[in-house]
Amino acid sequence: MSKNILILPGDGIGPEIVHEAVKVLVCLRDDFGLDIEMDEALVGGAAYDAAGHPLPQATLKLAHEADAVLLGAVGGPKWEPLDISVRPEKGLLGLRSELKLFANLRPAILYPQLAEASSLKAEVVSGLDIMIVRELTGGIYFGQPRGVRRLENGEREGFNTLVYRESEVERIVRVAMDIAMKRNRRVCSVDKANVLECTELWREVATRTGADYPEVELSHMYVDNAAMQLVRAPKQFDVMVTTNMFGDILSDCAAMLTGSIGMLPSASLDAAGKGMYEPIHGSAPDIAGKGVANPLATILSVAMLLRYSLDEPAMADRVERAVDNVLDSGIRTADIYSTGMEQVGTEMMGDAIVAALRKA
Ligand code: NAD
């Protein structure tokens, strides 16, 4: 039975990069027999402009019905003055929580062709391939109570709550373990167990859950050390698993090791493997509409979609091989350009990938 993919271009460069990713899906469908149907809907600022809400009911309904969602990016200065409840980012957070996408997978891979784009020495990062698994629907970003209250002396006090149930820890650690089984079988669980009771429990549950995976080597690291190790010797890591906030920070740090925000995809999965796939970068308002954005993070998000939600690993490999071959051939968008390479715009990069797909 054919699988349904919901396409959400969003704002800024979103529509430009998603257009190229859709070309890849169409090529896989028409030339290689990928059995898919695609719907398209509005999200973010574009949805607010058209329907008065960043996540209209019609979009949410289609997202529930789809097997997977491919999203560009949301947001931009135009919508910044809006009340926080209807800002574009609410559309994204709404999708994550409504679809119960608790597991955020963010690979940080350094393509050898782009080694000089990293801020670290080539020998420290060459061959880098880390998968960060971040818990996405719990922890301090969602914990209650939260807010700002006024004390008796008139001073205001802000507060948030870090809270994790055992079941929440166990399910995210299982995701990390399952992924590690398909990689180098090492998981590092990151916490702050020396200070926070909540993550002391996290460590205990991670250890208990890890015992079900005797082939995976489980280690634990405090988050401050993990941040340091990521820039000191990042290749020591295979899979990292951590809380919502720690993962937010560490995955951005890991992304920058690769030096190319336009290259990194992500997946957010529910318990049944349904997922939303998006580049890690934002809507890049500074270059929107100029036709220069790098579509590769979105195209690599398509590869993750094929692997994790459509169970099409061979198609995913084909897309990743095409990206590799295009980089080998010296074709670069402006963000990853270096002297001697051939600089192209968004559309030509998409065309190059489609041509490489047909050859790969
Ligand atoms: P950003 O990721 O949009 O841009 C940061 C820098 O990277 C910019 O100079 C941009 O031009 C460049 N860049 C980003 N993607 C690129 C690509 N594919 N090709 C080439 N260059 C690229 O981050 P920002 O400027 O902090 O945020 C802009 C808007 O995006 C804000 O409204 C923010 O809220 C939103 N945002 C959305 C998401 C999302 O939709 N998931 C994530 C982060 C930020």
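The shown structure was predicted, so the numbers you read here are calculated from the model rather than taken from an experiment.
For the residue pair Ile261 and Ala297, the shortest heavy atom distance occurs at O-CB, 4.4 Å. When all heavy atoms of Leu62 and Ala41 are compared, the pair lying nearest together is CD1-CB, 4.0 Å. What you find for Asn294 and Ile336 is that their closest heavy atoms are ND2-CD1, 3.8 Å.
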Stepwise, does the salt bridge (Lys or Arg N to Asp or Glu O under 4.0 Å) test hold for Arg307 with Asp317? CA-CA 8 Å; Arg307 183 167 287 121; Asp317 287 347; 2.8 Å; yes

Salt bridge (Lys or Arg N to Asp or Glu O under 4.0 Å) between Lys78 and Asp11: does it pass, once the steps are laid out? CA-CA 10 Å; Lys78 178 180 175 192; Asp11 309 318; over 6 Å; no

Decide yes or no on salt bridge (Lys or Arg N to Asp or Glu O under 4.0 Å) for Arg171 and Glu166, but give the supporting numbers first. CA-CA 9 Å; Arg171 70 178 180 176; Glu166 288 180 287; over 6 Å; no

Would Thr242 and Asp191 count as a side-chain contact (heavy atoms from CB on, under 4.5 Å) here? Give the steps. CA-CA 7 Å; Thr242 190; Asp191 60 42; over 6 Å; no

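Inter-residue side-chain proximity for Lys274 and Asp67 is flagged as unmet; no heavy-atom pair is nearer than 4.5 Å.
Salt bridge Glu155/Arg149: absent, no basic N to carboxylate O contact under 4.0 Å. A salt bridge links Glu20 with Lys23: the distance from a Lys NZ or Arg NE/NH1/NH2 to an Asp or Glu carboxylate oxygen falls below 4.0 Å. Ion pair Arg186/Glu215 not flagged as a salt bridge, since none of the NZ, NE, NH1 or NH2 atoms sits closer than 4.0 Å to an Asp/Glu carboxylate oxygen.
Donor-acceptor pairing under 3.5 Å is lacking for the side chains of Tyr111 and Ser260. Side chains of Ser189 and Trp202: a donor on one and an acceptor on the other come within 3.5 Å. In this model, no donor atom of one side chain and acceptor atom of the other lie less than 3.5 Å apart for Glu170 and Thr209.
The neighbour count for Lys235 NZ, taken as heavy atoms of other residues, nucleotides or ligands under 6.0 Å away, is above 12. Annotation: His19, atom NE2; neighbour count of heavy atoms from other residues, nucleotides and ligands within 6.0 Å does not exceed 12.
Counting only residues at least two apart or on different chains, the side chain to side chain donor-acceptor pair (under 3.5 Å) pairs with a member in residues 121-131 are Asp129-Arg183.
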Output a table of donor-acceptor pairs, distance under 3.5 Å, between side-chain atoms of residues 353-360 and any protein atom two or more places apart or on a different chain; print 'none' if there are none.
| from | atom 1 | to | atom 2 | distance (Å) |
| --- | --- | --- | --- | --- |
| Arg358 | NE | Asp31 | OD2 | 2.5 |

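For Glu16, there are no side chain to side chain donor-acceptor pair (under 3.5 Å) partners two or more places apart in sequence or in a different chain.
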